[in-house]
Amino acid sequence: MTWRATVLTLFPEMFPGPLGHSLAGRARAGGLWSLETVDLRDFATDRHRSVDDTPFGGGAGMVLRAEIADAALASVDDGPPDGRPMLALTPRGQPFTQADAASLAAGPGAILLCGRYEGIDQRVIEARGLREVSIGDYVLSGGELAAMVLLDAAIRLRAGVMGAADSAEEESFSAGLLEYPHYTRPAEWRGRRVPEVLLSGNHAAIAAWRRAQAEAVTRARRPDLWARRARQEHPA
Ligand code: ADE
C-alpha cells in the first residue's frame, strides 16, 4: 500500500523539494509513497487571509491561530481505520529518533503540521492530539525542513534500501553506535594508506577493527550514546 504523507504548511511550494530527488524521489515516482500539501492560508476566512495573531501575554512574534490549524487538520484527518499519526514540528517537541522513523515507516503514513512564526496555539495541539516533534536543539525558521527530515528518514526505510540482509545485520551490530570510517579505491591517496586490515581479506579481523573504531568514535563524540549503551548492557 502507498504510504501517505500530508503536509500542512504556509509554504506548499517548498515541497517536494529535496524529497523529489534521489531515493525519495524515485520511490515517489514508483508509487511507494504519496505527498499531498495543504496550504494553511486556504483556511483563512477574512479579507486579508490572515492565519496568525499576536501572542496573549505579550512577547515577540506571531502565533498560528487555532481555528486555522484546526480547519486544515479537519480537512485531512481520515480518522480510524487509516488513522495516520498527526505530528506538529516544533523545537519544543520530543526529539525525533531512528526508532520514531521506523515506527512511522511501519504505519500508513503521516500528517505533518509545520509551525511558522513563534508557534502554534497550544489548544489546537491538545484538541487534535498532535504529537510535538523536534529534529534537534536548534531553531529553524519553520517546520518545513524538519518535516522533510522526518519524511526522508521514514521513506528510506519504507523504500527498502535496507533490503540486503547484510545491511540489516550491520544495523543491529552497530545499534547505538556511530559508524566506523569507510574507504574505497585507491588504496593509497596523497600518501594516506587505507588501514591495512581492510585489505587483508580476514573477515573476522575486519569486523573486530570496525567494531573497535565504532566504539572509539562513539565514546569520543557521543558520550550520551555511549552511556546509554553501557546502561543497556549492564543494567543497574
Ligand atoms: N521548527 C523550528 N525549529 C524546529 C526544530 N528544531 N525541529 C522541528 N521543528 C522546528
Side-chain angles (χ1 to χ4, degrees), residues 3 5 22-24 27 33 83-112 115 122 125-126 129-140 143 145-184 187 192-236:
W3 194 86
S22 186
L23 182 111
W33 72 290
R84 288 179 290 166
M86 288 195 281
L87 312 177
L89 288 314
T90 155
R92 65 188 291 275
Q94 285 180 335
F96 183 69
T97 65
Q98 185 65 22
D100 297 325
S103 86
L104 264 191
I111 298 170
L112 307 173
Q122 195 63 29
I125 291 174
E126 289 166 17
L130 298 181
R131 191 151 66 81
E132 295 175 83
V133 176
S134 164
I135 62 159
D137 292 339
Y138 36 78
V139 181
L140 304 168
L145 287 171
M148 291 176 197
V149 165
L150 259 70
L151 292 175
D152 186 86
I155 290 157
R156 72 174 278 283
L157 295 176
R158 189 84 187 175
V161 285
M162 297 297 297
D166 268 3
S167 303
E169 207 174 285
E170 190 87 326
E171 282 227 328
S172 72
F173 155 79
S174 63
L177 291 177
L178 301 182
E179 279 216 12
Y180 52 79
H182 300 278
Y183 301 89
T184 186
R192 294 164 186 270
R193 279 198 62 75
V194 166
E196 284 308 321
V197 63
L198 298 180
L199 310 177
S200 69
N202 180 340
H203 296 296
I206 291 169
W209 180 85
R210 285 180 166 166
R211 180 164 195 112
Q213 290 282 317
E215 290 178 356
V217 73
T218 305
R219 237 183 347 246
R221 294 183 184 170
R222 294 294 302 275
D224 57 323
L225 289 184
W226 187 250
R228 187 187 309 163
R229 234 178 112 74
R231 279 197 303 276
Q232 279 163 1
E233 281 172 10
H234 314 282

Do [X] and [Y] have side-chain heavy atoms sitting under 4.5 Å apart?
X    : Y    : value
S200 : I206 : yes
M86  : L112 : no
R210 : L198 : yes
V217 : E179 : no
P195 : Y183 : yes
L130 : E132 : no

**Report entry** Atom pair CZ (R221) and CG (D224), whose distance is rounded to the nearest 0.5 Å
**Finding:**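 One finds 13.5 Å between CZ of R221 and CG of D224.
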What do you reckon, is [atom1] of [X] surrounded by more than 12 foreign heavy atoms closer than 6.0 Å?
X    : atom1 : answer
R228 : CZ    : no
Q94  : CD    : no
D137 : CG    : no

Keeping the roles fixed (side chain from [X], backbone from [Y]), state whether a donor-acceptor pair exists under 3.5 Å.
X    : Y    : answer
W33  : A5   : no
W3   : L104 : yes
R158 : A105 : yes
T218 : L178 : yes

Query raised in the report: Step by step, would you call R222 with L177 a side-chain contact (heavy atoms from CB on, under 4.5 Å)?
Result: CA-CA 9 Å; R222 294 294 302 275; L177 291 177; over 6 Å; no
Query raised in the report: Between D100 and S103, do the side chains contain an N or O donor and an N or O acceptor separated by less than 3.5 Å?
Result: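 No, S103 and D100 have no side-chain donor paired with an acceptor closer than 3.5 Å.
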What are the two closest non-hydrogen atoms of [X] and [Y], and how far apart are they?
X    : Y    : result
G93  : S134 : O-CB, 3.6 Å
I155 : A27  : CG2-CB, 4.2 Å
L150 : I135 : CD1-CG2, 3.7 Å
L140 : L145 : CD1-CB, 4.3 Å
L23  : A159 : CD2-CB, 4.1 Å
P181 : W209 : CG-CH2, 3.9 Å

Query - E233/R229 salt bridge by N-O under 4.0 Å criterion - result: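 Yes, R229 and E233 are salt-bridged.
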Requested in this report: Applying salt bridge (Lys or Arg N to Asp or Glu O under 4.0 Å), run through E215 and R219 and close with a yes or a no.
Outcome: CA-CA 6 Å; E215 290 178 356; R219 237 183 347 246; 5.1 Å; no
